[in-house]
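Take a look at the structure set out below.
Worth saying up front: this structure is predicted, and the values here are computed from it rather than measured.
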Amino acid sequence: RLRKWQRRIRVSNATERNLAFALSELDRMASALGLPRTVRETAAVVYRKAVDKNLIRGRSIEGVAAAALYAACRQCSVPRTLDEIEEVSRVSRKEIGRTYRFISRELALKLMPTSPIDYVPRFCSGLNLKGEVQSKSVEILRQASEKELTSGRGPTGVAAAAIYIASILCGERRTQREVADVAGVTEVTIRNRYKELAEELDIEIIL
Amino acid sequence: MSESSIKIENVVASTKLAEAFDLILIESEFEGAEYNKQKFPGLVYRVLDPKAAFLVFTSGKVVCTGAKNVKDVHTVIGNMAKKLNGIGIPTIENPQITVQNIVASADLHTILNLNAIAIGLGLENIEYEPEQFPGLVYRIDVPKVVVLIFSSGKLVVTGGKSPEDCERGVEVVRQQLDNMGLL
DNA sequence: GCTTTAAAAAGTAACTT
DNA sequence: AAGTTACTTTTGAAAGC
């Protein structure tokens, strides 16, 4: 059947064209976020697995690509928030999150939620804070985790609050506004989190 | 022993009260009824008797939401049928009422470590994305319910077809957390 | 106010086989 | 053209943002 032959070629072309588009999307987004090659490659692997499992049905290529990149960042321990992915993608944060949960489940990625600690290096360098402050932030976050002050809270908010406190304790104070901006949270969130951390961990904050 | 103390918050049920309904007629006769065909194909009608909200369709099918228990669902649907009869619309005598979903809340009265629970229950069985939602989502096969677990120890159970499903769901969670030493 | 979970109803839309 | 998927509406709790 010549017809069948032609159809296969047509389908194959469409599949290849879609894959090429998805990979170029991944590259574009990864570049915009300044992500290393390993992350892009991990994202490409996740995307290919999603295609192989027919997970794109009912979802947009852009959405799955964005979700794959979000997942890859987490797999590589260099998490980006959904808001950051949204900024460089063409789909809403809501769709990226929903698609991420779907492929995460279907591909059994089994990822633990992002640890606030993983955000410390990036946020601190964005605030020009030296290693001492980073160490102090991590120490605070470890204690916070032990005292159950992180369950259910947004990882970026908790990380931002810890960095805010650490910067003050180390005499390198950054304002709530500055920390909020690099962490992508509101000052209100930092205020709520740092007050809780300071109180529960008996940390004296002298402003 | 297990006075699960679950609190039913919402019962959703469906039934068929007639072969067809003239929603425009009902909208004009029922005070407060809302019907925008282009917005949604069903007519929305709220009652305060036992509090509930109805979605009435042209097919004669009706969805009842917001009731606080299964008994109220029957009461409120019976009242609805009478109201329809009151404006000259006949209804099916003993409508078959099906409870489709029950939402309930419970409290384990302990602060929980959701990360530990995520590992304990198995990452493949749960969904926990604190960036998107503070609750851990746990899907149980028997009974077929979904339990939202919060760090405060409060729970939300949904998807059950009976109050017993919700109660058993809470017990499954309590049992598993207890066995893992997380309670 | 938003986010998450489940469920029915009838309809529209955008897809893939 | 049929089938899938997702969205529209209603209800309620949880806790963070």
Side-chain angles (χ1 to χ4, degrees), chain A residues 7 11 14-15 18 54-61 63 82-83 93-95 97-99 101-102 150-158 184-193 196, chain B residues 6-17 21 23 34-46 51-68 73 97-108 112 114 126-140 144-161 165-166 169:
Chain A
R7 175 169 291 180
V11 170
T15 303
N18 288 341
N54 292 316
L55 304 184
I56 289 113
R57 282 187 191 179
R59 270 159 284 271
S60 67
I61 293 170
L82 286 173
D83 288 324
R93 172 200 152 117
K94 187 175 178 177
E95 189 186 332
R98 183 191 301 135
T99 305
R101 288 198 301 272
F102 180 71
T150 60
S151 275
R153 280 107 184 176
T156 53
V158 182
V185 298
T186 64
E187 294 117 307
V188 177
T189 296
I190 295 203
R191 229 166 277 137
N192 291 332
R193 292 297 129 239
E196 184 178 40
Chain B
I6 67 156
K7 183 188 178 193
I8 293 178
E9 307 281 359
N10 177 27
V11 179
V12 180
S14 62
T15 189
K16 185 175 180 180
L17 287 182
F21 276 137
L23 300 187
E34 304 165 20
Y35 181 43
N36 301 299
K37 195 181 178 178
Q38 40 273 93
K39 194 184 177 192
F40 187 68
L43 175 148
V44 179
Y45 183 58
R46 296 177 174 80
K51 189 185 173 188
F54 288 96
L55 298 180
V56 185
F57 299 86
T58 56
S59 62
K61 291 185 178 179
V62 172
V63 171
C64 174
T65 69
K68 288 296 181 188
V73 169
I97 298 171
T98 309
V99 173
Q100 303 287 358
N101 182 32
I102 293 179
V103 181
S105 58
D107 192 349
L108 296 179
L112 302 172
L114 299 185
I126 61 96
E127 238 177 66
Y128 175 43
E129 295 295 329
E131 184 186 344
Q132 302 180 58
F133 188 68
L136 183 153
V137 182
Y138 184 36
R139 290 162 207 276
I140 300 173
K144 200 198 159 212
V145 296
V146 174
V147 182
L148 304 184
I149 305 173
F150 297 86
S151 63
S152 63
K154 299 278 186 66
L155 310 174
V156 170
V157 191
T158 186
K161 301 282 189 197
D165 282 349
C166 299

A:Glu187 CD to D:dC17 C1', in whole Å, measures 14 Å
Listing time: all N or O pairs from protein to nucleotides 1-4 of chain D that are below 3.5 Å?
none

Of all residues at least two apart in sequence or in a different chain, which pass the side-chain hydrogen bond (donor to acceptor under 3.5 Å, both in side chains) check with A:Arg93? A:Asp83
Euclidean distance, atom CG of residue A:Asp83 to atom P of C:dC2 [Å, nearest integer]: 17 Å
Could you check how far CD of B:Glu131 sits from C1' of C:dT3, rounded to whole Å? 12 Å
Whole angstrom is fine here: how far is it from CG in B:Asn101 over to C1' in C:dT5? 9 Å
With sequence neighbours excluded, what pairs up with A:Phe102 under the ring pair (Phe, Tyr, Trp, His ring centres under 6.0 Å) test? none
Between atom CG of A:Asn18 and atom CD1 of A:Ile61, what is the distance when rounded to the nearest 0.5 Å? 3.5 Å
Give one of base, sugar-phosphate or nothing for A:Arg193, where a contact means two heavy atoms less than 4.0 Å apart. sugar-phosphate
For B:Tyr35, give me all partners under ring pair (Phe, Tyr, Trp, His ring centres under 6.0 Å), at least two apart in sequence or on another chain. none
Tell me whether the side-chain N/O atoms of A:Arg101 come closer than 4.0 Å to OP1 or OP2 in C:dT3. no
Determine yes or no for a side-chain-to-main-chain donor-acceptor pair under 3.5 angstrom, with B:Lys7 supplying the side chain and B:Ser105 the backbone. no
A:Ser151 or B:Arg46: which one's nearest nucleotide on DNA chain D is closer to the 5' end? B:Arg46
Partners meeting side-chain hydrogen bond (donor to acceptor under 3.5 Å, both in side chains) with A:Arg101 (sequence neighbours left out): B:Glu127, B:Gln132
Write down the protein N/O and nucleotide N/O pairs, taken from nucleotides 9-12 of chain C, whose separation is under 3.5 Å; answer none if there are no such pairs.
unit_1, atom_1, unit_2, atom_2, d
C:dA10, OP1, B:Ser59, OG, 2.7

State which residues pass side-chain hydrogen bond (donor to acceptor under 3.5 Å, both in side chains) with B:Tyr138; sequence neighbours excluded, sorted by chain then number. B:Gln176
Excluding sequence neighbours, so at least two apart, what forms side chain to side chain contact (heavy atoms under 4.5 Å, CB included) with B:Glu34? B:Val44, B:Arg46
Rounded distance (Å) that lies between atom C1' of D:dG16 and atom CD of A:Glu196: 11 Å
Would you say the side chain of B:Thr58 lies within less than 4.5 Å of the side chain of B:Phe21, judging by non-hydrogen atoms? no
Sorted by chain and residue number, the side-chain hydrogen bond (donor to acceptor under 3.5 Å, both in side chains) partners of A:Ser151 (sequence neighbours excluded) come out as none
A:Thr99 meets the side chain to side chain contact (heavy atoms under 4.5 Å, CB included) criterion, sequence neighbours left out, with A:Arg59, A:Val64, A:Ala67, A:Glu95, A:Ile103
Taking only nitrogen or oxygen atoms into account, show me every contact under 3.5 Å that the protein makes with nucleotides 13-15 of chain D, one pair per line with its distance.
unit_1, atom_1, unit_2, atom_2, d
D:dA15, OP1, B:Ser152, OG, 2.2

For B:Phe40, side chain to side chain contact (heavy atoms under 4.5 Å, CB included) partners two or more places apart: B:Leu55, B:Phe57
With respect to the phosphate group of C:dC15, does any side-chain polar atom (N or O) of A:Arg59 fall under 4.0 Å of OP1 or OP2? no
note: A:Leu82, atom CG; C:dT4, atom C1'; distance rounded to Å ~ 14 Å
Need to verify one output field. Residue with the more 5' nearest nucleotide on DNA chain D, A:Thr189 or A:Arg98? A:Arg98
According to a strict under-4.0 Å criterion, is B:Lys144 in side-chain N/O contact with OP1 or OP2 of C:dA7? yes
Taking the side chain of B:Thr65 as its heavy atoms from C-beta onward, which of C:dT5, C:dA7, D:dT10 lies nearest to it? D:dT10
Rounded to whole Å, CD of B:Gln38 lies from C1' of C:dA13 at a distance of 17 Å
Just how far, in rounded Å, is C1' of D:dA6 from NZ of A:Lys94? 11 Å
